[in-house]
Amino acid sequence: MASLFQRRRNKATQVERVRERRHEGFLRYAGFRWAKISGGLCLLIIVSYALIDVTPRHNGGSWYGYTLGTIGAGLILWLTALGYRKRKMTSDHWSLKAWTSAHVYLGLSLIVVGTWHTGFQLGWNVHTLAWVLMMLVILSGLYGVIVYATLPAALSNNRDEMTQMQMLEAIRAFDRQLHSAAQPLTPEDTAPVLAALDEDPFAGGIGARLSGRYRNCATAAALRTLTLSRSSDTEAREKVVGLLKQKEAALARLRQHLRIRGLLEIWLYVHVPLTFALIAALSAHIISVFFYW
Amino acid sequence: MSEPVKVAIIGSGPAGLSAASRAAQLGLTHILLEKTDHLSDTIFKYQKGKRVLATPERLDLRSDCRFAEGAREYILGNWDEDAANNKVQVAYHADVVEVTGEKGAFAIKTAKGDVFHAENIVLAIGTQGNPNRMRCEGADMPHIIYQVDDPEDFKDKHITVVGSGDAGIENALGVAEEALENTVTILNRSKDFARAKAKNVSDMMEAGENGFMSIRTETQPKKVEPGWLTLETPNGEERIQCDVIVARLGSVAPRGFVESMGIEFTGPDREAFPKLSPTFESTVPGIFVIGALAGYPLIKHCMNQGYDVVEFINGNAGLTPADEKDLAAIFADLPERKSVSEWLDYLRTRVSIFADVSPLQMREFMLDSKVAFYRKGDVVFEKGEPGSSLFAIADGFAEVEVGPDFTVPIEQGSIFGEVGLISGRKRGATIRAGEDSIFVEVSRTAALKLMAAVPGAKRAINRISLERQLLQIFKGGLTVEDLGPVVDTAEVERVPAGKVVLTEGEQGDDVYVIRSGSMVVEKDIGGKPIFLRYLPAGSFFGEMGVLSGQPRNATVKAAVGAELIKLTGESFRKMLAARPQVREATEAAVAERAAMNSFIESRKASYSSAVDLYSDTASFIMKEGLGEATDALLIDENLCVGCDNCEKACADSHEGLSRLDREAGKTFAHLHVPTSCRHCEHPHCMADCPPNVIHRGPDGEVFMEPGCIGCGNCMRNCPYGVIRMEAAPPPKPSLLRWLLTGFGPGPGEPSPKWTKKQLGDEKPKKIAVKCDMCKGIAGGPACVRACPTGAAIRVSPEEFLSIARLDEDTD
């Protein structure tokens, strides 16, 4: 039976299409091509480091150290270029997925390239600063890879076919309904509802955004107060309570959406500025090395 | 009672005005009848400052009135001047209600009771019809409008919409947009909104619940005053604030009026036009029809026809139409030298489908067509090429490559390429010129017009296409003669989306060929319908029943609205009996399908969840209308990080506007169908494009060439909401400058605020914007190239749903 399908897949174009249908992500791109290349590079460095006898000992200043240093500096500059590539829509044939794939695996290989370049001589100086910054950039990038690989499905599940604008619109719709439904309430019941209406769904700061916990949520407070209150007409109050519950659910969805998006983006605010700091430290490192040659 | 005139022109739009000006220049006695108090009411009612485009550019203007692209005011001002300079006799407030008499002595009666006498009548009333007016007190106030051109013209106003049809609801929803801060009320005389589409009613109800508009039923206007409106409600009279009244009370279509004069139309359907001679004369001698009513919606056409028709009435038989030089250019490359009319006659007498076409229609078709000379052996098109035009053989013959080293000739007078025309699928075979030949290539739009206007042409095309389709399906070994009985008993069936054509377990031996649209095949396995196969146009089904005599072993239903050709089992069996090798080929196909079915069944036993997922995904894809797609963007939400780089890349690859909305759209099992063009087999957007600028390109893309007039028909016709009406923003500063200084908008579509600031008071014309699959960009679709994680893919449904996917998933 299988032969029937084997034959179809043997066509080269078919293979290409099959790959597309399986939406091969950036990590699996072209059968882990860049993982293999970068793994091979690391292996080559580790083995040659052990085999090559540099006198008096391995360090950044030997011919071997210079080679690794040049490779590393080149890689760092090329990896930085992803930011430009991503935004420059030239019309020639390129795939950002392939670039990302290479960026991730070659970026990880810098751990070996950079560290073995030092000859494991670290200290309190500008050279080690460059190494530390590089490791921090790689670490933040590693976080990025992990969230890119794990969070998108959660983002998709949470939004349930709604767009961010629709989520905001849903909250505004509940606000409008609350506004009219709260008219018959007593002043003491109206106050928390008004506070909930005034609430900015985006307020709460970075901590709340990333944790998803909004301690001073006016809607939750209004819901608590009105559930316990006995002052207004029961029917009117229950209607408002019902609306508040719906608004709370809508808020929860929006906040979860913002939280996941925040987690998917926050690392870039570390990764990118550190990269520039790294390039500055790297320049200082290279200039000072040549100055004291 | 007035003096009889040589020619009376009804309607003072571009066509009528141009005709009257010509009559005045020729010194003919004439009268131009206009029902309002100004010329050219349709354009007069355009929104202030609206740009009017002068398309098609290649057509020369031949008129005594000026016309060039410009603002509404500029054009109307020119025409008023031209009418005065040409000394055109205009009768305003002359709303024609009845025409009697015959050529030489027509009597034209107006609503006021005036009667005009004329020897000839030129009917140039357009297709707008007369909107029904409000009838209450104050109904002639100027703040009552009968159409809304741009809801953004209204801001912070009290607006009352009268009328509960789709037009009224759509206008009300438009002006009720939150950002415009209007206070909107919609009135309905009755209790429910029975005349409107369910979607519009539910949108309106939602807007009502959200406080964007107030919906008042059983209410009608009683008295209109400036700033106020008195309503008659079930609870008595009420006075509300009202700055603008939008009255959408329907209109009287002009067709009834035209038919009341005795003029015949080409057919009963809505798209039909009056039957006309080459001089625009209708079936009533002495009455001529020009302009939009004659089927020419563009202003330039109308004005040229106004000029021509008066020349014809004045006895100028030698006048060649303004398109003469365009037609001459079409014939210029042919080896023989003939005049345009000789060529037209040549084609009409030599090509069977043109036999019933009138000379006027022939000119029109040829403008949208090409005629070319092919040397023996030249390839006309290759198998697998996209293309939807129809070819006719005027001279020589064509050879179809049916199989390797096996060709079938198509004789002079016949056609080819009709499969692409009817199904919208890629070309099924390579065609070469069998000897030095002349072929006519008719564009899809022109061919469809031809089929609608000339029933004989439609019959011929349908029969030929069915024969060819069968020949193609059953490869070599069959001749047209073998097919005779099959084709004679064949019926064409239209099936709506979702309709079941064959039911599993039922007896039956009819065989179906899919002419257009697509089908899905399902089988009940373990009490659940499992998707087996997607059948695109050009495939056939039901053949297992004929061969085996067994009941149907699977259910087949329409994925989208489709056209099927039903062949009776008996004639099909006879054909197979006569041709054993065809029977063998069919049996081989059946065996392959049966093998696939049992493969899925076997997988179902061991990998039940994988098969269920495959089947459910297929159903979802079909429900989202992808059954009619040829190439659609899908997003795997297991990979999508929501960076919107696809949208930014789209905007930056085109004029700064994104043609896709990633976030919007439905999702199933993390497979997301964003709002973006699917490049349908039969694009809905192409259905009604007045300047005819939407085409299918060489890679199957449906794209718009420059020349859009901004009418919005395509946007309204697209069921997937993927066309935007938008003006291109001004150019952005370079990317490097943004990266280094942060100045200006970054990648992607600039914010409306930035655009507005750059433009100042200028209001550029909004035109339709849609995906062109990055036509002409070497790297291919930008959305896919720019996706950093590989979430965005472009696929066609048959690739996406091929069984190989299931095979991979369960490996």
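Residue numbers begin at 1 in each chain, while the letters A, B, ... track the order of the sequences.
With a 4.5 angstrom heavy-atom cutoff, A:L151 does not touch chain B via any of its atoms. With a 4.5 angstrom heavy-atom cutoff, A:Q164 touches chain B via backbone and side-chain atoms both. Residue B:N645 touches chain A through its side chain alone, counting heavy-atom pairs closer than 4.5 Å. Using a 4.5 Å cut-off between heavy atoms, B:L739 touches chain A through its side chain atoms alone.
A:D175 has a carboxylate O that lies under 4.0 Å from a charged side-chain N of A:K247, or vice versa, which qualifies the two as a salt bridge. A salt bridge is absent between A:K239 and A:E235; no separation between the charged side-chain nitrogens and carboxylate oxygens falls under 4.0 Å. Ion pairing of A:R172 with A:E169 is present here, as a side-chain N (NZ or NE/NH1/NH2) and a carboxylate O approach within less than 4.0 Å. Of the charged side-chain nitrogens involved, at least one lies within less than 4.0 Å of a carboxylate oxygen, so that B:E749 and B:R724 count as a salt-bridged pair. The residues A:E199 and A:R255 are annotated as salt-bridged, a charged nitrogen and a carboxylate oxygen being separated by less than 4.0 angstrom.
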**OP:** Please assess B:D631 against B:S796 for the test side chain to side chain contact (heavy atoms under 4.5 Å, CB included), listing each intermediate value before the final yes or no.
**Re:** CA-CA 5 Å; B:D631 187 297; B:S796 71; 5.5 Å; no
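Contacts with chain B were tallied for A:E265, A:R261, A:Q177; A:R261 has the most, counting heavy-atom pairs under 4.5 Å. Most heavy-atom pairs under 4.5 Å with chain A: of the set B:G746, B:G780, B:G642, B:G779, this distinction falls to B:G779. Top candidate by heavy-atom pairs under 4.5 Å with chain A, chosen from B:N638, B:D652, B:V641, B:L634, is B:V641. Counting heavy-atom pairs closer than 4.5 Å to chain A, the top residue among B:P747, B:P788, B:A778, B:G776 is B:P788.
Using modelled atom types and a 3.5 Å distance limit, the side chains of B:D636 and B:H672 yield no donor-acceptor pair. If you check the side chains of A:S156 and B:E637, you find a donor sitting under 3.5 Å from an acceptor.
If you look at A:Y29 and A:W99, their ring centroids are not closer than 6.0 Å.
Stacking of A:K97 on the aromatic ring of A:F26 is not recorded, the 6.0 Å distance cut-off and the 45° axial limit not both being met.
Residues of residues 74-96 of chain A lying under 4.5 angstrom from chain B, judged on non-hydrogen atoms, are A:Y84, A:K86, A:R87, A:K88, A:M89, A:T90, A:S91, A:D92, A:H93, A:W94, A:S95, A:L96 by number.
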